Amino acid sequence: MYLTVAILALLASSAHARKPNILILLADDMGYGDLGCYGNTSVRTPNIDSIARDGVKMTQHLTAASTCTPSRSALLTGRYPVRTGMAPKGIMRVNLWPYSTSGLPESEVTIAEITRQSGYRNALIGKWHLGLHRDRLGDHAHHPLNQGFDHFYGLIGTNLDDYGHEFKVVTLMRPYWYGQLFSVWAVTVTALVCLLKFRYVGPVTFLLAFMFWTLPVYAIYFLFDNMELFTSFLFRNHLLVEQPIRLAGLSQRLVNEGLEFMRNATDNDLPFLLVMSWVHMHVAIETSMEFHGKSCLGRYGDGLQELDWSVGEMLRGLRDAGVEENTLVYFTSDNGGHREIGADGGYNGRLKGGKGHGAPDGGIRVPGLMKWPGVLRTGAVTDEPTSQMDIIPIIADAVGVPLPVDRKYDGRGILPLLKEKVAISPHEFLFHYCGDKLHAVRYRPRTGHTTWKYVTHTPPLLPERTTCRFMCSCNNAVRLATPDVYDMTSDPCETTPIKPESKMYREISAAVESAIREHVISLDPVESQFRWDRLVPRVTWQPCCNGIFPFNCDCVDKKFENSKS
Ligand SMILES: *[C@@H]1O[C@H](CO)[C@@H](O)[C@H](O)[C@H]1NC(C)=O
Ligand SMILES: *[C@@H]1O[C@H](CO)[C@@H](O)[C@H](O)[C@H]1NC(C)=O
């Protein structure tokens with residue numbers, strides 16, 4: 001008896017002595033059909049595909065949201081955004097302005113705060129998009145270094161169409177934006193002139209009213225017309241190091257920084273958690289010179305090639321550091337391809353819908369690859385539903401730190417499934433939200449082979465189209481009189497709902513409706529990070545690295561000053 005305990009303790013301690021490193025490779029806006037290992041025959045992604053070859057490919061891997069900010073919050077915390085305050089409420093579906101006060105609450109426990117308790121070195125390199133300030137300029141309460149990471153290099157906010165100088169997000173969303181803004185201004189000014197003419201107001205009042213009205217209208221115009229000036233910058237830890245971001249060559253710099261971090265940790269014999277949060281495949285897509293024309297598929301394809309190369313460099317870094325055998329590698333994307341912007345938005349295969357749509361799988365079903373030598377089998381595939389929120393229990397288990405018990409987790413321990421120790425996903429239900437509205441529920445009964453999807457709302461698509469104008473609205477989604485139920489196992493493209501008169505339908509809807517009731521009860525009230533007063537940019541906090549805002553806000557990261565782009 002004592003001997004067994006002693007041996008077990010010895011085994012446990014030797015397992016813990018070799019804590020696995022964790023490398024998370026998170027692509028942005030990459031579609032389900034963008035990779036060779038997910039059946040794409042026109043692009044070559046050998047490095048990313050090698051993770052599938054050496055590990056497990058999840059064919060029904062789901063994000064918690066179809067836009068970046070809420071999806072990323074769920075990956076890092078293992079909780080639905082509606083639990084953490086990170087569920088968007090209105091048309092603003094992401095944390096657009098880094099100089100606002102919205103962000104991932106400090107009270108949330110991220111994967112980095114878990115690994116830190118086990119002595120890991122943690123870094124996030126690339127896109128953060130989960131806020132910066134909370135109350136005051138410079139408090140950096142929502143900064144990655146305040147969420148468990150020891151090193152940060154990258155974007156506090158996001159990449160944006162505006163950085164490519166071809167499109168402006170505001171006119172993609174509202175094509176007549178400038179005209180509308182001007183019309184509102186002109187109508188009001190005309191009314192003022194009339195008041196002046198008929199002597200209802202004197203010249204001094206007129207002038208004051210004119211200025212009072214013109215200045216804010218101009219400020220709004222200036223803000224939306226200069227999104228790059230307001231939002232494009234790179235930080236290294238707490239310092240602003242580049243403004244605006246030089247997108248060409250950025251992948252190479254992220255790789256460089258990531259490899260340096262990895263070497264630093266392994267040289268010091270420290271286990272590490274490294275999140276490479278790539279800026280590809282989000283628009284604006286720019287690649288370094290050597291990837292121009294590499295794909296014969298235009299800018300998007302070239303970006304994919306550069307991303308695949310970047311992933312290859314990170315995997316090579318693991319081999320060079322001699323830690324490949326002891327590293328868990330996880331590749332995924334924060335949401336599906338953005339269909340509204342065409343070829344630059346990526347490819348969701350045959351799945352319906354895309355980024356921002358909410359319920360349809362195109363926006364939430366993403367590549368999910370995991371390799372862990374000695375733990376997971378190689379070349380395995382699971383078609384069972386899995387979630388990005390499952391990464392936190394896997395990590396907690398791997399590093400030997402229990403998850404806090406004071407909160408509800410939505411991630412599940414899927415390792416037995418990935419190891420094929422069990423056949424059925426631990427997720428009996430997965431809740432598919434659009435913003436803070438529940439639009440669908442995925443149901444995997446505890447028997448059989450089928451996964452169902454119960455859809456209560458569909459996106460407000462343009463007439464005769466399968467897309468919205470730029471981003472579907474969650475609040476204007478169409479509520480179905482009778483929910484649709486799809487057999488996601490044999491009809492993954494959601495083409496033919498099963499008959500509402502069928503016995504199957506009645507069983508599924510009863511099970512799902514009761515699960516929804518339970519889920520709703522489980523949601524505790526939380527302060528929303530998507531209130532307007534939190535989201536609006538604090539213009540007086542605006543940084544400017546080389547001049548006085550808005551003039552000469554221009555600097556280049558000194559560390560990579562001479563690297564080619
Ligand atoms: C492969 O992905 C590219 C890039 O998104 C896309 O343009 C192409 O249509 C896809 N091809 C196939 C055969 O899946
Ligand atoms: C690696 O370590 C060196 C020396 O301590 C330090 O200057 C550098 O900032 C570290 N780099 C990263 C990416 O952590």
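In this text, all values refer to a predicted model and were calculated from it rather than measured experimentally. Order of listing sets the numbers, starting from 1, for every ligand and every atom in it.
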query: With a 4.5 Å limit on heavy-atom distance, are the side chains of Tyr153 and Phe235 in contact?
result: no
query: So which heavy atom in the protein is nearest atom 8 (C) of ligand 1, and how far is it from that ligand atom?
result: Ser42 OG, 3.5 Å
- prompt: Of all the atoms in ligand 1, which lie at a distance below 4.0 Å from a heavy atom belonging to Tyr300?
  reply: 4 (C), 5 (O)
- line: Atoms of ligand 2 under 4.0 Å from any heavy atom of Glu257, numbered from 1 in the order shown, are 13 (C)
task: Compute the shortest N/O to N/O distance between Thr41 and ligand 1 and return yes if it is under 3.5 Å, no if not.
output: no
message: Test your reading of the structure: does Glu260 have an N or O sitting under 3.5 Å from an N or O of ligand 2?
response: yes
- prompt: Any cation-pi pair here, Lys19 with Tyr120, using under 6.0 Å and within 45°?
  reply: no
Nearest neighbour in protein (non-hydrogen) for atom 12 (C) of ligand 2: Asn264 ND2, 3.3 Å
message: If we check side-chain hydrogen bond (donor to acceptor under 3.5 Å, both in side chains) with Asp334, which of these qualifies: Lys355, His282, His129, Arg72?
response: Arg72
message: Using a strict threshold of under 4.0 Å (side-chain N to carboxylate O), is an ion pair present between Asp557 and Arg236?
response: yes
- prompt: Are any of the protein's heavy atoms under 4.0 angstrom from atom 2 (O) of ligand 2, yes or no?
  reply: yes
- prompt: To the nearest 0.1 Å, how far is atom 14 (O) of ligand 1 from its closest protein heavy atom, and which atom is that?
  reply: Tyr347 CE2, 3.1 Å
field: Lys453/Asp361 ion pair, N-O < 4.0 Å
entry: yes
Validation row: Asn95, Ser100 side chains within 4.5 angstrom (heavy atoms): yes
statement: So the atoms of ligand 1 within less than 4.0 Å of a heavy atom of Asp34 turn out to be 2 (O), 4 (C), 5 (O)
query: Taking all atoms of both residues into account, what is the closest heavy-atom pair of Glu108 and Gln147, and its distance?
result: O-OE1, 4.2 Å
field: Closest approach of any protein heavy atom to atom 10 (C) of ligand 1, naming residue and atom
entry: Asn40 ND2, 2.7 Å
- request: Please check if atom CZ in Arg246 has more than 12 non-hydrogen atoms from other residues, nucleotides or ligands closer than 6.0 Å.
  value: yes
- prompt: Hey, is atom 5 (O) of ligand 2 touched by any protein heavy atom at less than 4.0 Å?
  reply: no
